[in-house]
Amino acid sequence: QVQLVESGGGLVQAGGSLTLSCAASGRTLSTFRMAWFRQAPGKEREFVASIGGYIYYADSVKGRFTISRANAKNTVYLQMNSLKPEDTAVYYCSADKYYSSSDSRASAMDYWGKGTLVTVSS
């Protein structure tokens, strides 16, 4: 089992930055593909970014968000710059046992954190 705990969410003005962290316990993350998803009120959970064999970003965040991992710390990060009100959502960290997968569906992920709220004010 893998336990994932997100942190770093909060309230920020449009144009600002936040860095989310996802700390894992139970298993080493180095063999997992890691991903961030988000879910806005009344909307479906959507893919944001993933890091495994390759790095992928949703078109809506490309050029503004950066996903990275520190295997020694068993932690994954999401650096978010130039934030927009439409980025407001609960952000979830997730882990996929298939390291080289490029599947952006939430159903492809094996483990989930409980999420951290990001609110971007206009």
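Closest approach of Ala70 to Tyr77, counting heavy atoms only: CB-CE1, 3.9 Å. Here the closest heavy-atom approach between residue Ala24 and residue Val2 is recorded as CB-CG1, 4.4 Å. Of all heavy-atom pairs spanning Glu6 and Thr116, the tightest one is CB-CG2, 3.8 Å. Among all heavy-atom pairs drawn from Thr88 and Val120, the shortest one is OG1-N, 2.9 Å. Residue Ser82 comes nearest to Ser17 through the heavy atom pair N-OG, 4.4 Å, listed as atom of the first residue, atom of the second, then distance. Closest approach of Ala40 and Ala89 over heavy atoms only: N-CB, 3.8 Å.
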From CA spacing to verdict: side-chain contact (heavy atoms from CB on, under 4.5 Å), Val48, Leu78: CA-CA 10 Å; Val48 175; Leu78 185 69; 4.2 Å; yes
Does the side-chain contact (heavy atoms from CB on, under 4.5 Å) test come out yes or no for Tyr57 and Arg64, once each step is laid out? CA-CA 10 Å; Tyr57 295 98; Arg64 299 188 298 122; over 6 Å; no
Apply side-chain contact (heavy atoms from CB on, under 4.5 Å) to residues Leu11 and Ser121 and explain how you reach the verdict. CA-CA 7 Å; Leu11 174 64; Ser121 63; 4.3 Å; yes
Would you check, one step at a time, whether the test ring-ring contact (aromatic ring centres under 6.0 Å, His included) holds for Trp36 with Phe65? CA-CA 11 Å; Trp36 289 94; Phe65 290 10; 9.9 Å; no
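Leu4 is listed as a side-chain neighbour of Met34, based on a closest heavy-atom distance under 4.5 Å.
Residues Phe37 and Leu83 fall into different hydrophobic clusters, defined by Ile, Leu, Val, Met, Phe, Trp and Tyr side chains chained together at heavy-atom separations under 4.5 Å. Both Met80 and Val76 belong to a single network of hydrophobic side chains, linked directly or stepwise wherever heavy atoms of I, L, V, M, F, W or Y lie under 4.5 Å apart. No continuous path of ILVMFWY side-chain contacts below 4.5 Å connects Tyr99 to Ile67, so the two sit in separate hydrophobic clusters. No single ILVMFWY cluster, assembled from side-chain heavy atoms under 4.5 Å apart, contains both Leu20 and Leu117. Clustering ILVMFWY residues whenever any of their side-chain heavy atoms sit less than 4.5 angstrom apart, transitively, puts Leu29 in a cluster other than the one holding Tyr54.
Shown here is Tyr56, whose OH atom has more than 12 heavy atoms of other residues, nucleotides or ligands within 6.0 Å.
With hydrogens and angles ignored, the 3.5 Å screen pairs no side-chain donor or acceptor of Asn81 with any backbone N or O of Leu18. Between the side chain of Thr75 and the backbone N or O of Lys73, at least one donor-acceptor pair lies under 3.5 Å. The backbone N or O of Asn74 lies less than 3.5 Å from no partner atom in the side chain of Arg69, so there is not a single donor-acceptor pair.
Salt bridge absent: Asp103 and Arg33 never bring a charged side-chain N and a carboxylate O closer than 4.0 Å. Using a cut-off of 4.0 Å between Lys/Arg side-chain N and Asp/Glu carboxylate O, Asp87 and Lys84 are scored as not salt-bridged. Ion pairing between Glu46 and Arg38 holds under the 4.0 Å rule for side-chain N and carboxylate O.
Between Ser7 and the options Ser21, Cys93, Cys22, a side chain to side chain contact (heavy atoms under 4.5 Å, CB included) holds for only Ser21. Paired with Ser94 under the rule side chain to side chain contact (heavy atoms under 4.5 Å, CB included), one option of Phe47, Phe32, Tyr111, Trp112 passes, and it is Trp112.
For the atom pair NZ of Lys97 and CE of Met109, the computed distance is 11.5 Å after rounding to the nearest 0.5 Å.
For the pair Arg45 and Tyr92, the cation-pi test (distance below 6.0 Å, angle within 45°) is passed.
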